[in-house]
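The structure displayed is predicted, hence computed values, not measured ones. Naming convention: chains lettered A, B, ... in sequence-line order (proteins, then strands); numbering from 1 in each chain.
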Number of protein chains: 2
Amino acid sequence: MAGRNVLIVYAHQSPASFNAAVRDVAVEVLEQQGCRVVVSDLYAMNFRASATSQDIKGELKNPEHFHYGDETMFAWQEGRLSDDITQEHRKVEEAELIIFQFPMYWFSVPAILKGWLDRVLTQGFAFSLEKMYNNGIFKHKKAMLSFSTGAPESMFLPDGINGDINVTLWPLQNGVLHFCGFQVLAPQIFWAPTFSPPQVREAMLGAWRARLGGLWEETPLTFAPSEYFDLSFQGGFRLRSEVKEERSEHPYGITTGHHLGKPLPPNNQTKATPPNDKNQPKH
Amino acid sequence: MAGRNVLIVYAHQSPASFNAAVRDVAVEVLEQQGCRVVVSDLYAMNFRASATSQDIKGELKNPEHFHYGDETMFAWQEGRLSDDITQEHRKVEEAELIIFQFPMYWFSVPAILKGWLDRVLTQGFAFSLEKMYNNGIFKHKKAMLSFSTGAPESMFLPDGINGDINVTLWPLQNGVLHFCGFQVLAPQIFWAPTFSPPQVREAMLGAWRARLGGLWEETPLTFAPSEYFDLSFQGGFRLRSEVKEERSEHPYGITTGHHLGKPLPPNNQTKATPPNDKNQPKH
């Protein structure tokens, strides 16, 4: 693990927060392992969240109709992205692992962190139509969500009032991280630390510390391999018929999102499936 | 419909965009119906996305450990929120319907719109622990997502490479809108307008225009009624055993998130179920 680079993208306003303590444990343990850890402290950096033409230096290709995705793709190709984005690109390029550390806001990341995703994961740099999912640009990197909730775990069970946490995590983990190719490690979820007594919060940090010790050996979460799909516009990027047939006997869908009208594979977005598990899609 | 107030929270940078055209059609048709339409044009307003202490006037309750949710709840109670939030609160209070108009960014709303959700849906104003879901504060209001995608519809089918759009929409529609009590109208999804020829885009706008004509009579999407759950910390906010039993014979889960280990009810987050449908939970 020596020499490995880790980027922590951190989104909490207060150095006295539980999220700050979680970040500090990660920095400490990973540095003890010999890793080089860089933290992007988004609020402290006053990181801009909104995707605007300020992100592009020089002239726009189409000033009459500003299209953020196109303009930033061109600007990336030509080295004309704003300095704050370019700096984050360098950190991402150097990182072997990215940890996103945040309090869950409205069933997702806080806006400042959504801004990091919107602005830093530039087309061309982070994905292209040819390079996505497990053919993705960052397929040799790992990423994980580490977050605190306001609600206790029971509220996020399939029969809890907020519904299954696996469904809530799908757009972030499949749609953002795995889309860019990242091997997604199981999320580290700190359930309702604000409403927990100090000894419970301490135990949460202890469990995190222990997990970090074996993080590099973890099996990532299971997503649907891109080979399962007909990756053409005529084919509609849909599951190949032979795969559909092969899966027809299976009691569960492939992933939370690729459920195929069957029950969701349990904990698909929260727990890694051991490699010898029969639910594991073949890679 | 005369005299009804509608708020459009609009998040696109360019007045020449398809999203702008969609907004214009909504304003035109709703005003023809006699509605009063207010547009919050977030980029034009330079709307702040990040949740910071700038949102609170006067002294913080706990400057040593800034907790955004608590501080803004106190500030709301005492009339000390920043003027931009207070202005949006007034618009929300007056609106009978809120339409969120945006291009989908990374399987969700753009950061500037996430910022609107994070900052405007203040605890106390938009929800409380006692008032959530169908006991929610905005239960007499309607809300809907209206958005464009980069991907064609086939990619967002349960066997498409992006997975089921119903799963992707769950955190926004259940976790944000329905959580605050809103009756959520079926989303208006414009599939890949950028890659569609002009006549297809025109047809999309025509279909939107037609839908707006009957919008006030639409049945909202189906969510799990709060009465299904034991709303106590001892009960863990989980489904009541008698409801679980009653549902045991049912082929589908209750909603996308409350799947109970069964197949997801088809199109739960994209299509309203007619009131006489047997899949419809009793309200």
Chain A contact via Phe127(B) - which portion, at a heavy-atom distance below 4.5 Å =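 Contact with chain A involves the side chain of Phe127(B) alone.
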Interface moiety of His67(B) toward chain A, non-hydrogen atoms closer than 4.5 Å =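 Side chain only.
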Can you find a pair of side-chain heavy atoms, one from Asn174(A) and one from Val184(A), that are under 4.5 Å apart?
->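 With C-beta onward as the side chain, the pair stays apart.
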Do the side chains of Trp106(B) and Asp118(A) get nearer than 4.5 Å, heavy atoms only?
->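 Counting from C-beta outward, Asp118(A) and Trp106(B) do come under 4.5 Å.
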Among [options], which has the most heavy-atom pairs under 4.5 Å with chain A?
{"options": "Ser14(B), Ala11(B), Ser17(B)", "value": "Ser14(B)"}
{"options": "Ser50(B), Gly235(B), Gly253(B), Ala49(B)", "value": "Ser50(B)"}
{"options": "Phe237(B), Phe179(B), Phe47(B)", "value": "Phe237(B)"}

Steps toward ring-ring contact (aromatic ring centres under 6.0 Å, His included) verdict (Phe190(B), Phe18(B)) | CA-CA 9 Å; Phe190(B) 300 95; Phe18(B) 183 77; 5.3 Å; yes
For this output row, return yes or no: ring centroids of His258(B) and Phe229(B) closer than 6.0 angstrom.
->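 Judged by ring-centre distance (under 6.0 Å), His258(B) and Phe229(B) do meet the cut-off.
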Please check if the distance between the ring centroids of Phe147(B) and Tyr105(B) is under 6.0 Å.
->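 Phe147(B) vs Tyr105(B): aromatic centres not under 6.0 Å.
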Has the side chain of Gln173(B) got a donor or acceptor atom that lies under 3.5 Å from a matching backbone atom of Gln269(B)?
->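 Yes, the answer is positive, given that a donor and an acceptor are paired below the 3.5 Å cut-off.
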Ser226(A) backbone acceptor or donor facing Asn134(A) side chain under 3.5 Å =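 Checking the backbone N and O of Ser226(A) against the side chain of Asn134(A), a donor-acceptor pair under 3.5 Å is found.
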salt_bridge(Lys61(A), Asp70(A)) N-O dist < 4.0 Å =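 Judged by the 4.0 Å cut-off on N to carboxylate O distance, Lys61(A) and Asp70(A) do not form a salt bridge.
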Is Asp55(A) salt-bridged to Arg119(A), cutoff N-O under 4.0 Å?
->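 Answer for the salt bridge query: yes.
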What are the residues of residues 156-166 of chain A, in order of number, with any heavy atom under 4.5 angstrom from a heavy atom of chain B?
->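 Counting heavy atoms that sit under 4.5 Å from chain B, the residues of residues 156-166 of chain A involved are Leu157(A), Pro158(A), Asp159(A), Gly160(A), Ile161(A), Asn162(A), Gly163(A), Asp164(A).
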Going by residue number, which parts of residues 108-116 of chain A are within reach of chain B, meaning a heavy-atom gap below 4.5 Å?
->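 Heavy-atom contacts from residues 108-116 of chain A to chain B are Ser108(A), Val109(A), Pro110(A), Ala111(A), Ile112(A), Lys114(A), Gly115(A).
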Chain B interface, residue from [options] that has the most non-hydrogen pairs under 4.5 Å:
{"options": "Gly261(A), Ser53(A), Gly69(A), Ala51(A)", "result": "Ala51(A)"}
{"options": "Tyr43(A), Tyr133(A), Trp170(A)", "result": "Tyr133(A)"}
{"options": "Thr194(A), Leu121(A), Thr52(A)", "result": "Leu121(A)"}

On a heavy-atom basis, which atom in [X] and which in [Y] lie closest, and how many Å separate them?
{"X": "Ile137(A)", "Y": "Gly124(A)", "result": "CD1-O, 3.5 Å"}
{"X": "Tyr252(B)", "Y": "Leu264(B)", "result": "CD2-O, 3.5 Å"}
{"X": "Glu227(A)", "Y": "Arg240(A)", "result": "O-NE, 3.1 Å"}

Pair Gln123(A)-Thr72(A), side-chain donor/acceptor within less than 3.5 Å =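 Judged by distance alone, the side chains do not pair up.
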Using distance alone, with no hydrogens and no angle criterion, decide if Asn268(A) and Thr256(A) have a side-chain donor and acceptor under 3.5 Å apart.
->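 Yes.
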Contacting region of His12(A) [heavy-atom separation from chain B under 4.5 Å] |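 It is the side chain, since no backbone atom gets that close.
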